[in-house]
Amino acid sequence: MQLGFVTAILPDYDLRQVFQTASEIGYDCVEVMCWPEWKDARRYAGVTHISAEEFTESEATTVRQMAEEFGISISALGYYPNPLTPDLEEAQKYVEHIQKVIVAARMLGVNRMNTFIGRDWKKSVDENWPRFLETWPDIIKFAEQQQVQIGIENCPMSFTQDEWPGGKNLACSPAIWKRMYEAIPSPWFGLNYDPSHLVWMHMDYLAPIRDFADRLFHVHAKDVRIDQHKLDEVGILAYPLDYHSPKLPGLGQVDWGHFFSQLNDIGYQGPVCVEVEDRAYEDSTESCLAALQQCHTYLRNFIPEEQTPLSN
């Protein structure tokens with residue numbers, strides 16, 4: 001496995017600074033954010049470290065050379081919009097940019113792109129399904145042609161009033177994943193798996209590692225703390241952020257020893273990228289860097305750095 005981080009936590013850094021930071025701390029890779037020029041105001045969104053708008057072979061060469069200079073690989077290109085939003089014109093813009101990011105991933109030789117399925121948050125899963133079937137087969141077919149894996153993150157995106165009640169990402173549970181992969185059985189269609197989202201939904205976060213072993217393309221390392229005293233006040237039907245807090249790995253309720261044990265058992269050899277969304281570490285760039293250092297120190301217990309083989 002390779003240890004990395006999601007570059008959204010360093011929005012004020014350019015790509016060279018991101019690579020340099022990753023190298024200095026000791027990471028192996030980064031998931032690079034590729035939002036378009038029309039920014040998104042959502043928290044942790046709208047960050048652009050590689051612009052896929054009119055990405056050229058020359059730019060791809062420059063990025064590859066920079067990555068090689070710092071000894072850092074790109075685990076995936078990331079872009080997380082809502083391609084099933086009820087505003088069809090807006091949805092089309094999202095789909096078109098997803099395709100641009102897929103092309104950039106192919107040009108870079110990364111061959112992996114992470115995103116959301118999207119959802120009309122005011123409709124049920126069944127009511128969203130026709131839009132899913134209209135939108136996603138063509139995206140996956142395009143990804144197949146580019147030979148780029150699509151990793152869908154399993155975040156429900158149902159945290160704030162404008163995302164309530166259904167959330168803005170359909171792919172939030174194993175039952176829906178099964179339905180997705182039955183509808184689109186392509187081997188290029190998989191998961192960018194984040195265990196923390198299942199914890200606050202009171203679900204088993206280890207079983208999907210076994211059940212979807214062939215769909216795990218990419219992993220996010222984020223922890224979560226359920227604040228029981230708050231849950232007792234507001235109940236499970238409240239906004240999720242009213243009773244849970246995203247945390248750095250090791251500061252929440254994910255058992256990372258068990259988590260990595262399961263990844264080892266299925267033979268997972270891909271990237272595991274820290275996604276920093278802990279509000280205790282976001283008041284300054286220095287705090288964000290401290291978070292990345294702390295996560296690296298902790299997770300190296302489970303993903304050791306490559307060592308030179310011992311001679312006999």
Side-chain angles (χ1 to χ4, degrees), residues 1-2 4 6-7 15 19 28-36 48-68 71-81 83-84 91-118 132-154 169-171 177-178 180-194 209 212-220 263 266-273:
M1 284 181 265
Q2 307 86 51
V6 179
T7 68
L15 187 60
F19 282 144
D28 306 312
C29 60
V30 289
E31 178 187 351
V32 180
M33 293 297 99
C34 299
W35 287 79
T48 307
H49 286 118
I50 291 177
S51 175
E53 294 281 5
E54 296 179 4
F55 197 61
T56 66
E57 290 290 351
S58 175
E59 289 173 315
T61 298
T62 299
V63 171
R64 287 195 299 268
Q65 290 174 341
M66 197 186 308
E68 185 176 352
I72 298 296
S73 63
I74 297 175
S75 67
L77 300 186
Y79 172 52
Y80 298 88
L84 301 187
Q92 183 58 33
K93 289 172 62 178
Y94 294 151
V95 170
E96 289 173 357
H97 195 73
I98 286 173
Q99 292 174 327
K100 291 177 181 179
V101 178
I102 290 170
V103 171
R106 188 262 302 163
M107 292 170 67
L108 286 165
V110 174
N111 300 112
R112 189 182 294 115
M113 184 265 176
N114 295 331
T115 190
F116 289 148
I117 289 293
F132 169 77
L133 294 176
E134 290 171 8
T135 303
W136 275 95
D138 288 343
I139 295 175
I140 300 304
K141 183 178 180 181
F142 182 79
E144 285 182 348
Q145 293 168 346
Q146 299 291 320
Q147 294 194 310
V148 172
Q149 293 179 326
I150 302 297
I152 301 298
E153 188 181 350
N154 55 292
N169 183 30
L170 202 60
W177 307 338
K178 290 175 184 176
M180 282 168 29
Y181 299 134
E182 287 171 359
I184 309 175
S186 169
W188 297 91
F189 189 29
L191 289 172
N192 174 25
Y193 184 59
D194 184 332
I209 298 175
F212 295 88
D214 61 338
R215 298 289 182 177
L216 260 60
F217 295 168
H218 196 276
V219 170
H220 274 176
L263 288 179
I266 68 166
Y268 180 76
Q269 294 295 312
V272 178
C273 288

Checklist entry - How would you list, by chain and number, every residue that makes a side chain to side chain donor-acceptor pair (under 3.5 Å) with Tyr193, sequence neighbours excluded? => result none
Item to check | Considering all heavy atoms, the nearest Ile98-Pro83 contact | outcome: CD1-CG, 3.9 Å
Checklist entry - According to the interplanar angle, ranging from 0 to 90°, do the rings of Tyr79 and Tyr94 count as parallel (below 30°), tilted (30 to 60°) or perpendicular (above 60°)? => result perpendicular
Checklist outcome for this item: In this structure, CD of Gln269 is separated from CG of Leu263 (nearest 0.5 Å) by 10.0 Å
Next on the checklist: Please find the pair of heavy atoms, one from Glu57 and one from Arg106, that lie closest to each other, and give the distance.
Outcome noted: OE2-NH1, 4.0 Å
Checklist entry - Nearest heavy-atom pair of Ile117 and Asn169: which atoms, and what distance? => result N-OD1, 2.9 Å
Next on the checklist: Measuring from atom OG1 of Thr135 to atom CD1 of Ile140, what distance do you get when rounded to the nearest 0.5 angstrom?
Outcome noted: 11.5 Å
Checklist entry - Where is the tightest heavy-atom contact between His97 and Ala52, given as atom of each residue plus distance? => result CE1-CB, 4.3 Å
Item to check | Phe217 six-ring face occupied by Arg112 cation (under 6.0 Å, within 45°) | outcome: no
Item to check | Contact summary for Asn154 and Trp177, nearest pair of heavy atoms | outcome: CB-CZ2, 3.4 Å
Next on the checklist: Determine whether Phe55 and Lys100 satisfy the following criterion, side-chain contact (heavy atoms from CB on, under 4.5 Å), listing intermediate values before the conclusion.
Outcome noted: CA-CA 8 Å; Phe55 197 61; Lys100 291 177 181 179; over 6 Å; no
Checklist outcome for this item: Residues passing the side chain to side chain contact (heavy atoms under 4.5 Å, CB included) test with Thr61, sequence neighbours excluded, are Arg64, Gln65
Checklist entry - Does a side chain donor of either Tyr181 or Asp214 reach within less than 3.5 Å of an acceptor in the other side chain? => result no
Checklist entry - Quick check: does any side chain N or O of Glu31 sit under 3.5 Å from a backbone N or O of Asn114, one acting as donor and the other as acceptor? => result no
Checklist entry - Would Ser75 and His218 satisfy side-chain contact (heavy atoms from CB on, under 4.5 Å), going step by step from the backbone distance to the final call? => result CA-CA 8 Å; Ser75 67; His218 196 276; 2.9 Å; yes
Checklist entry - Within a strict 4.5 Å, meaning less than it, do heavy atoms of the Phe116 and Leu170 side chains meet? => result no
Checklist outcome for this item: Heavy atoms of Met180 and Phe132 approach each other most closely as CG-CZ, 3.8 Å
Item to check | side-chain contact (heavy atoms from CB on, under 4.5 Å) between Met33 and Tyr80, intermediate numbers included | outcome: CA-CA 9 Å; Met33 293 297 99; Tyr80 298 88; 4.0 Å; yes
Next on the checklist: Quick check: do Ile72 and Asp28 have side-chain heavy atoms less than 4.5 Å from each other?
Outcome noted: no
Checklist entry - Atom CD1 of Ile184 and atom CD of Glu144: how far apart are they, to the nearest 0.5 Å? => result 9.5 Å
Next on the checklist: Tell me whether Gln92 at atom CD has more than 12 heavy atoms from other residues, nucleotides or ligands lying less than 6.0 Å away.
Outcome noted: yes
Checklist entry - At what distance, to the nearest 0.5 angstrom, does CD1 of Ile102 lie from CD of Gln149? => result 12.0 Å
Item to check | Spacing of CG belonging to Leu77 relative to NE2 belonging to His49, to within rounding of 0.5 Å | outcome: 12.5 Å
Checklist entry - Distance from Thr115 atom OG1 to Glu153 atom CD, nearest 0.5 Å? => result 9.5 Å
Next on the checklist: side-chain contact (heavy atoms from CB on, under 4.5 Å) for Trp136 and Ile152? Distances and angles first, verdict last.
Outcome noted: CA-CA 11 Å; Trp136 275 95; Ile152 301 298; 4.0 Å; yes
Checklist entry - Are any side-chain N or O atoms of Gln146 and backbone N or O atoms of Ala143, one a donor and one an acceptor, separated by less than 3.5 Å? => result no
Item to check | Thr48 side chain vs Ile50 backbone, donor-acceptor pair below 3.5 Å | outcome: no
Next on the checklist: If you define the side chain from C-beta out and look only at heavy atoms, does anything of Glu53 sit under 4.5 Å from Pro36?
Outcome noted: yes
